[in-house]
Student: 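Got a structure here, written out as structure tokens. Questions coming.
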Amino acid sequence: MLIYLLRRFNLLFSTLLLLTLLAYALEYRLLHQGDGDFWPGYLRFMQALLAGDFGISSATGLPVLGALGQYFPATLELCLAAFVISLVVGVPVGTLAAVRQGRWQDTLILTGTLVGYSVPVFWLGLLLVMLFSLHLGWLPVSGQLSLLYEITPVTGIMTIDTLITDHPYRWEAFVDALRHLVLPALVLAIVPTTEVIRQIRSALLEVLKQNYIRAALTKGFSEAHVVLRHGLRNALPMAIPTLGLQFGTVLTSAMMTEIVFDWPGLGRWLVTSISLQDYAAIKGGTLAIATFIIVASVSMDILSTLIYPSRRKAIYAGKG
């Protein structure tokens with residue numbers, strides 16, 4: 001297990017090092033036109049990053065690190081909500097597709113995942129805004145919170161800030177924050193939900209072929225009991241590392257979603273910085289997003305290994 005953890009941490013730090021090297025190589029080529037020594041410049045670049053110096057934004061004149069701290073919590077809130085939705089919907093639907101393999105339920109679900117995966121995020125977002133906001137008036141069009149509530153940001157995650165504030169209408173503000181979160185989170189959850197369904201279905205079909213599943217059925221246990229107690233529990237370790245990679249899909253799709261719903265997150269800020277040619281902000285934003293994706297993926301892999309004995313057994317057998 002120790003060797004496995006050392007390998008994963010080695011992979012993590014090697015990838016991050018390669019990422020910073022690529023970022024500096026682009027800066028060296030585009031901004032410095034290849035003048036000066038590369039490696040001394042790269043060492044100064046790394047020293048600045050480790051000290052939290054991401055540069056000064058040419059658009060605002062403020063440190064980029066402060067902007068990252070301001071916008072990232074809103075993006076994290078949106079991504080976590082979308083990821084929770086994708087798990088809550090994807091795991092049971094993927095299980096149903098595996099249990100009903102080859103039947104009309106399986107065909108319907110697979111068709112739905114194909115359609116959901118193919119739908120453009122911005123088109124779906126605009127469609128939902130027109131239906132639920134403009135036509136039915138059920139949900140807000142854009143933003144993170146109504147202007148009626150003056151909530152001082154503490155964590156930057158509005159659903160938490162509305163709960164910990166001493167505002168007399170904090171529960172109304174909390175409900176308002178949830179209503180603002182529903183549409184962008186649903187749009188952002190479409191693609192990862194289809195991937196969760198496919199991964200759970202594939203992993204569960206593999207598990208259901210095992211002899212211990214047949215043995216459990218011959219003992220008289222119900223199909224639902226065997227699938228939930230033995231099948232799904234052994235299928236999740238196979239699917240979780242792949243599901244961890246969905247953080248990257250969610251985070252990159254968040255950029256377009258934040259623009260459609262005017263969500264004050266890192267993606268909208270980064271796209272605005274690109275249009276303004278604010279290089280320091282672009283560099284800081286892309287490095288922050290890429291680092292989060294890498295750390296989240298490796299963390300999910302390690303977490304699934306620590307929780308599930310079957311993955312530890314595979315590691316000890318030299319397969320991890």
Side-chain angles (χ1 to χ4, degrees), residues 70-94 108-109 112-197 246-247 249-272 289:
Q70 177 184 350
Y71 293 110
F72 183 72
T75 297
L76 183 63
E77 178 184 29
L78 182 59
C79 292
L80 287 177
F83 200 71
V84 168
I85 292 173
S86 67
L87 290 178
V88 170
V89 176
V91 172
V93 174
L108 181 64
I109 291 171
T113 58
L114 182 61
V115 173
Y117 191 81
S118 306
V119 171
V121 171
F122 68 93
W123 179 81
L124 180 62
L126 293 175
L127 192 66
L128 293 183
V129 167
M130 292 175 61
L131 177 61
F132 292 103
S133 300
L134 301 180
H135 182 66
L136 298 175
W138 291 353
L139 296 168
V141 176
S142 62
Q144 201 177 15
L145 189 70
S146 296
L147 297 176
L148 295 173
Y149 306 102
E150 296 182 358
I151 304 298
T152 303
V154 178
T155 64
I157 298 177
M158 196 52 66
T159 49
I160 296 178
D161 289 345
T162 52
L163 288 177
I164 63 177
T165 183
D166 55 357
H167 196 285
Y169 302 104
R170 64 175 183 174
W171 288 110
E172 288 82 355
F174 174 69
V175 173
D176 187 73
L178 283 180
R179 293 180 71 244
H180 279 79
L181 185 61
V182 169
L183 282 185
L186 283 176
V187 170
L188 192 57
I190 290 296
V191 173
T193 300
T194 61
E195 191 63 27
V196 170
I197 292 173
Q246 294 307 306
F247 274 118
T249 305
V250 172
L251 204 54
T252 51
S253 299
M255 295 184 184
M256 189 60 69
T257 306
E258 289 177 2
I259 293 174
V260 172
F261 292 95
D262 197 24
W263 188 264
L266 193 62
R268 193 189 66 168
W269 171 74
L270 185 58
V271 172
T272 304
I289 290 174

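Keep in mind that what you see is a predicted model, and the values were worked out from it rather than measured.
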Student: Drop me the distance from L136's CG to L128's CG, to the nearest 0.5 angstrom.
Tutor: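 It comes to 11.0 Å.
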Student: Do the side chain of T165 and the main chain of I151 share a donor and acceptor less than 3.5 angstrom apart?
Tutor: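 Absent.
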Student: Taking CZ in F72 as the centre, count heavy atoms belonging to other residues, nucleotides or ligands within less than 6.0 Å. Is the count above 12?
Tutor: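 Count over threshold, so yes.
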Student: Closest approach of G116 and I190, non-hydrogen atoms and distance?
Tutor: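 G116 and I190 have their closest heavy atoms at O-CG2, 3.2 Å.
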Student: What pairs with L163 under side chain to side chain contact (heavy atoms under 4.5 Å, CB included), at least two apart in sequence or on another chain?
Tutor: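 So L163 forms a side chain to side chain contact (heavy atoms under 4.5 Å, CB included) with W171, F174.
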Student: Taking the side chain as every heavy atom from C-beta outward, state whether V187 and F261 have any atom pair closer than 4.5 Å.
Tutor: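 Heavy-atom side-chain distance check passes, below 4.5 Å.
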Student: Applying ring pair (Phe, Tyr, Trp, His ring centres under 6.0 Å), name anything that partners Y149, two or more places apart in sequence or on another chain.
Tutor: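 Result, ring pair (Phe, Tyr, Trp, His ring centres under 6.0 Å) vs Y149: none returned.
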Student: Name all pairs fulfilling the salt bridge (Lys or Arg N to Asp or Glu O under 4.0 Å) condition that reach into residues 249-265, sequence neighbours left out, sorted by first residue then second.
Tutor: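 Every pair satisfying salt bridge (Lys or Arg N to Asp or Glu O under 4.0 Å) with a residue in residues 249-265: D262-R268.
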Student: Once side-chain hydrogen bond (donor to acceptor under 3.5 Å, both in side chains) is applied, what residue pairs with a partner in residues 175-189 remain, sequence neighbours excluded?
Tutor: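 Sorted pair list: S146-D176, D176-H180.
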Student: Test of understanding: with ring pair (Phe, Tyr, Trp, His ring centres under 6.0 Å), list the residues that count as partners of W263, not counting sequence neighbours.
Tutor: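 In terms of ring pair (Phe, Tyr, Trp, His ring centres under 6.0 Å), with neighbours along the sequence ignored, W263 is linked to no residue.
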Student: Hey, does the side chain of D161 reach the backbone of P153 with a donor-acceptor pair shorter than 3.5 angstrom?
Tutor: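 Not a single qualifying donor-acceptor pair exists.
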Student: Does anything in residues 127-144 form a side-chain hydrogen bond (donor to acceptor under 3.5 Å, both in side chains)? List the pairs, not counting sequence neighbours.
Tutor: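 Listed by first then second residue: E77-Q144.
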Student: Is the shortest heavy-atom distance from the side chain of V121 to the side chain of L188 under 4.5 Å?
Tutor: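 Side chain of V121 against side chain of L188, heavy atoms only: no contact under 4.5 Å found.
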